[in-house]
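Chain identifiers are assigned alphabetically (A, B, ...) following the order of the sequence lines, protein sequences preceding nucleic acid strands; residue numbering begins at 1 within each chain. Just so it is clear, the structure is predicted and the values come from calculations on it, not from any experiment. Hydrogens, waters and symmetry mates are skipped; everything else that's a heavy atom, side chains included, is used.
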Amino acid sequence: MSDAYDVQEVEARWQRRWEDEGTYEVNLDDPRPPSYVLSMYPYPSGPAHQGHIRNYTFGDVLVRYRTMKGEAVLSPFGFDSFGLPAENAAIKGGAHPREYTEARIAELKGSVKRLGAMYDWRREIRSHDPDYMKWNQVIFLALLEAGLAYRAEAPVNWCPGCKTVLANEQVLPDGTCERSGDIVERRNLEQWFFKITNYAEELLDSLEAMDWPERVKTMQRNWIGRSEGAQFKMQVAEQPDLYIEVFTTRPDTGFGMTYAVLAPEHPLVDQVTTDEQRAAVAELRERAKHATDIERLSSEGALDKRGAFTGSHCINPFTGEPVPLYVADYVLGSYGTGAIMAVPAEDQRDYEFATAYGLPIVRTVQPPEGFADDAAYSGEGPHINSGFLNGLGTAEAKARANEFLEDSGIGYPKINYRLRDWLISRQRYWGCPIPVIYCPTDGIVPAPADELPILLPEDVEFLPTGESPLRSHEGFLRVNCPKCGKPAVRETDTMDTFVDSSWYFLRFADPHDETGPVNMAAARRYMPVDQYIGGITHAILHLLYARFYTRALGDVGLSPKELREPFAQMFCQGMIRLRGSAMSKSKGNVVSPDEYFEKVGADALRLFHLFAGPATDDIDWTDQTDEIIEGCSRYLARVWRLANGEVPRLADAADAGGVAALRREVHGAVARVSADIERYGFNTAVAACMELTNTIYKHVHAGTDETAVDEAVRTLLELLAPMAPHLAAEAFDRRYAEHVHTQAWPVADPAYLVADEVTMVVQVNGKLRDRIVVAAAISEAEATELALASEKVSELLGGAAPRRIVAKPPHLVNVVV
RNA sequence: GCCCGGAUGGCGGAAUGGUAGACGCGGCGGCCUCAAAAGCCGCUGUCCGAAAGGGCGUGCGGGUUCGACUCCCGCUCCGGGCACCA
């Protein structure tokens, strides 16, 4: 066969052509309506894995589809190129993180290009490029000036053996250091934070109206964690000048407070602890400091609620009575006020603690009949033992308790969020330096704007000390204070890589703008991203940080202020698993795309990822997978033969129904594929193309009019173009000498969708009994008549009159006996 | 514990309350061939039956409806998220 399809040659040729012709490049003055499709920019870990392939295939289908629909689609690509693996590789004796990273970028870029996914490469962003770093630092300083970046003490994982900070992943589940085996402790360090909590309310409230998967919105809501309650202060009985402030969601249960608790980190612990209790309290605080987050937060195994009496009491403002004040590690320093009123009868944690420490338990809400007596009751009910709240329901009692606190001048209603400020300091080399200087006289001084970007020094040694090489690099560290000129030191921490990924999508609008991080006009044209695509793994952190950053940048004047939400639509693809478990490089269970590029080509692999199942579902890579990919490849060959006129007319073929029937199928397929792509139903879009192909085969075999067949083939290639772009382009080019990707997307004509005759289903009592071919325009009376005339029906009726007839012409008649 | 998803042939999966199982994988049969591969055509939920035909079928138990994979109530199992957040 002289027209054999040479996959490698054809795919390479078209990829070159699309790039040379700039088919998928867009400019600001493009007359077409703009849109923006974006796949999450990847961390470059080497050649693409199947998860990347799936992500970029979905994105590319949307880019090519929207392009055929006449839009100027912004489709950029970049690399999240700072991060730990490059530094770890350097420590293990590999290349410098820059060389290492750039080699991995080249590999990944190779895979992406081999896939035939089209991007405007003029816009490529790499977060380790000096240009990007510069704007990252400019943004940081703007946030600092606006009070959205601040420095505070925060606990970190500290390894006493390595004398360094560890990332959470470096702490083993048993709380020891993965390198030295020492017990990791929590130590407070001055670190940089972004004030994301300023936006907690807005980030939560605007979720409601967003066109995002419900699942993702729920996860964000949980993460932000809004809770409504009251905050009030209580006098310390032994020291009347001292007050303990607490937050509660149940001010209505105040009469049941039989003790109060401070977190071990609470600043007043020392002041309220009496000499007799000092040893016990100190021991508890020491243990809390050594406990890992996991131990501290785990409810498992923490049978006795670890706590200690301070020796002091505070006055319950509701009863006026003193209650003992404890320190306990089940209260967190970082939430609310770091202190609580404990109501054992209505809170299970307090109940368990009270039981263990022999503290009184007083019910203030009447539990329902039959409620077990050995547990807290946190539900609703009439208040008892509650003074002026007695007899009230929960809502009313809350309101009255709040009034009481306000009238007494000790408290007020308060909304608390679980969301904490974003800690961005990383004690690492391979990240963007935080551009500040510490001066003994002037304190924290921003790096001067004309010195940005602060670059990473190249001449560093990577030693397995766990410490960032920046700390010991004199040339980097030592500077003169920009204010007073005296010797000072640079910040050696770098930024969390989530900072880089929180605004790259804004930079893509005009990545070479030299006047600011975000070009206002370009951002106004393209933002928000119409379609963002990525894994569910980023449902919380990345998406939340990006939403925060977009707002913060707007508020400090670095991006359009009216732009609040960066991603109009979010699509989360499913994961790829190998026989059940997640595919990952570290597990060594990766199935490389390369062998498929070689064996069946990019189009077949793309088709597999589209066809394998719903795009949102996880797919399992099994023994059957290769066979399905083979099937996809076979299908494309079948299309190729059809387009090449290699399908013969068969003498004994059955009548396929003629031109009208073929046209109906074609327009039906157009309608289905369009709707399917719009709703990410790629698997059914492929199925619709396969059905159309099968139909056209039948028509060719049966000798249906050539013009109608040609029309059908033309449309089929157009429908396939976004999904199998190379084959569609090559076949279209050979047949019509035109570029399929610049064709207008076909439109279904409803006039062609209606058939003259349809199969009507006849049911008796809802069960299928007969099928009758009827005119599509059949009336209800005619349909009923035909149904009753059916032999099957009269047999079942046995002469009796039907009780009822439900007729839905022309599709169905149901005879009820 | 709380909050979300999901459960359909041997397998991946389709089905605006109206023909369950589209499409594909696998399997079986036929055509082509000296033969094979490729290709093309057909069959393929399950049980009874030689067939015609019929019974049963969308995790389980109820309900609504002329009609339920689809809607409602109550379960089971699986997956995911959150979880000492006061």
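B:U64: no Watson-Crick or G-U partner with both key distances under 3.5 Å is found in any strand. The partner of B:C56 is B:G45, by the rule that a Watson-Crick or G-U pair needs both atom distances under 3.5 Å. When both distances must be under 3.5 Å, the Watson-Crick or G-U wobble mate of B:U70 does not exist. Across all strands shown, nothing is found opposite B:A15 as a Watson-Crick or G-U wobble partner with both distances under 3.5 Å. Applying the Watson-Crick and G-U wobble criteria (two distances, each under 3.5 Å), B:C25 pairs with B:G10. Across the strands present, B:A50 finds no partner; the criterion is a Watson-Crick or G-U wobble pair with both atom distances under 3.5 angstrom. Searching all strands for a Watson-Crick or G-U wobble partner of B:A83 with both distances below 3.5 Å returns nothing.
Taking atom P on both nucleotides, B:C73 is separated from B:C23 by 35 Å, rounded to a whole Å. Straight-line distance between the P atoms of B:G57 and B:C72: roughly 23 Å, to the nearest whole Å. Spacing of C1' atoms, B:G10 relative to B:U44, comes out at 11 Å, to the nearest Å. The same atom, C1', is picked in B:C34 and in B:G29; the two are 22 Å apart, to the nearest Å. Comparing B:C43 with B:A37, their P atoms sit 22 Å apart, to the nearest whole Å. To the nearest whole angstrom, the two C1' atoms, one in B:G49 and one in B:C56, are 15 Å apart. Between B:G5 and B:U58, the two P atoms lie 23 Å apart (nearest whole Å). Between B:G12 and B:C3, the two C1' atoms lie 30 Å apart (nearest whole Å).
The CD1-P distance, from A:Ile540 to B:G80, rounds to 15 Å in whole Å. Atom CD of A:Glu665 and atom P of B:C23 are 11 Å apart (whole Å). Spacing between atom CZ of A:Arg577 and atom C1' of B:C78 amounts to 11 Å, rounded to whole angstrom units. Rounded to a whole Å, the CG atom of A:Leu636 is 16 Å from the C1' atom of B:G39. One atom, CD of A:Gln348, and another, C1' of B:A83, lie 14 Å apart when rounded to the nearest Å. Rounded to an integer number of Å, the gap from CG of A:Leu610 to P of B:G24 is 16 Å. Atom-to-atom, CG of A:Asn644 to P of B:G39 comes out at 16 Å; the value is rounded to the nearest Å. Distance A:Asn694 CG to B:C25 P: 10 Å, rounded to the nearest Å.
Closest to the side chain of A:Leu768, out of B:U19, B:A86, B:G81, is B:U19. Nearest nucleotide to the A:Ile340 side chain, out of B:A86, B:C56, B:G18: B:A86. For A:Glu627, the side-chain atoms get nearest to B:C25 when compared with the rest of B:C41, B:C25, B:G24.
Within the structure, every side-chain polar atom (N or O) of A:Arg769 is placed at least 4.0 Å from both OP1 and OP2 of B:G53. In terms of phosphate contacts, A:Arg638 brings a side-chain nitrogen or oxygen within less than 4.0 Å of OP1 or OP2 of B:C41. The shortest distance between the side-chain N/O atoms of A:Arg804 and the OP1/OP2 oxygens of B:G67 is not below 4.0 Å. Look at A:Tyr697 and you'll find a side-chain N or O under 4.0 angstrom from OP1 or OP2 of B:C40. Between B:C25 and A:Thr625, no contact under 4.0 Å exists linking OP1 or OP2 to a side-chain N or O. Note on A:Lys414: every side-chain N or O is 4.0 Å or more away from OP1 and OP2 of B:A86. Phosphate contact (OP1/OP2 of B:U19, side-chain N/O of A:His811, threshold under 4.0 Å): absent.
Ion pairing of A:Glu214 with A:Lys217 is present here, as a side-chain N (NZ or NE/NH1/NH2) and a carboxylate O approach within less than 4.0 Å. The residues A:Asp252 and A:Lys398 are annotated as not salt-bridged, no charged nitrogen and carboxylate oxygen being separated by less than 4.0 angstrom. In this structure, A:Glu691 pairs ionically with A:Arg672, as a charged nitrogen and a carboxylate oxygen lie closer than 4.0 Å.
Nucleotide B:G10 carries an anti base; the chi torsion (O4'-C1'-N9-C4 or O4'-C1'-N1-C2) is more than 90° from 0.
Nearest-nucleotide assignment on RNA chain B puts the 5′-proximal partner with A:Arg771, out of A:Leu650 and A:Arg771. Nearest-nucleotide positions on RNA chain B place A:Trp223 closer to the 5' end than the other of A:Trp223 and A:Tyr417.
With no hydrogens or angles considered, a side-chain donor-acceptor pair links A:Tyr330 and A:Asp350 at under 3.5 Å. Of the N and O atoms on the side chains of A:Glu665 and A:His699, not one donor lies less than 3.5 Å from an acceptor on the other residue. No side-chain N or O of A:Arg804 forms a donor-acceptor pair with one of A:Asn814 less than 3.5 Å apart. Under the 3.5 Å distance criterion, with hydrogens and angles disregarded, a donor-acceptor pair is assigned to the side chains of A:Tyr596 and A:Asp626.
Although no hydrogens or angles enter the test, the distance criterion places no donor-acceptor pair under 3.5 Å between the side chain of A:Asn416 and the main chain of A:Ser227.
Within 4.0 Å of A:Gly631, counting heavy atoms only, lie sugar-phosphate atoms of the nucleic acid but no base atom. Contact annotation for A:Arg226: no contact, since no heavy-atom pair falls under 4.0 Å across all strands. Using a 4.0 Å heavy-atom distance criterion, A:Val761 is classed as a base contact.
Because its NZ or CZ atom is both nearer than 6.0 Å to the ring centre of A:Trp223 and within 45° of the ring axis, A:Arg418 counts as a cation-pi partner of that residue.
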>> How would you summarise protein contacts on nucleotides 2-14 of chain B per nucleotide, using B for base, S for sugar-phosphate only and - for none, with heavy-atom distances below 4.0 Å?
In response: --------BBBSS
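How far SG of A:Cys572 is from NE2 of A:His538: 10.5 Å, rounded to the nearest 0.5 Å.
Tested against A:Tyr259 for a ring pair (Phe, Tyr, Trp, His ring centres under 6.0 Å), the candidates A:Tyr357, A:Phe353, A:Tyr351 yield a single pass: A:Phe353.
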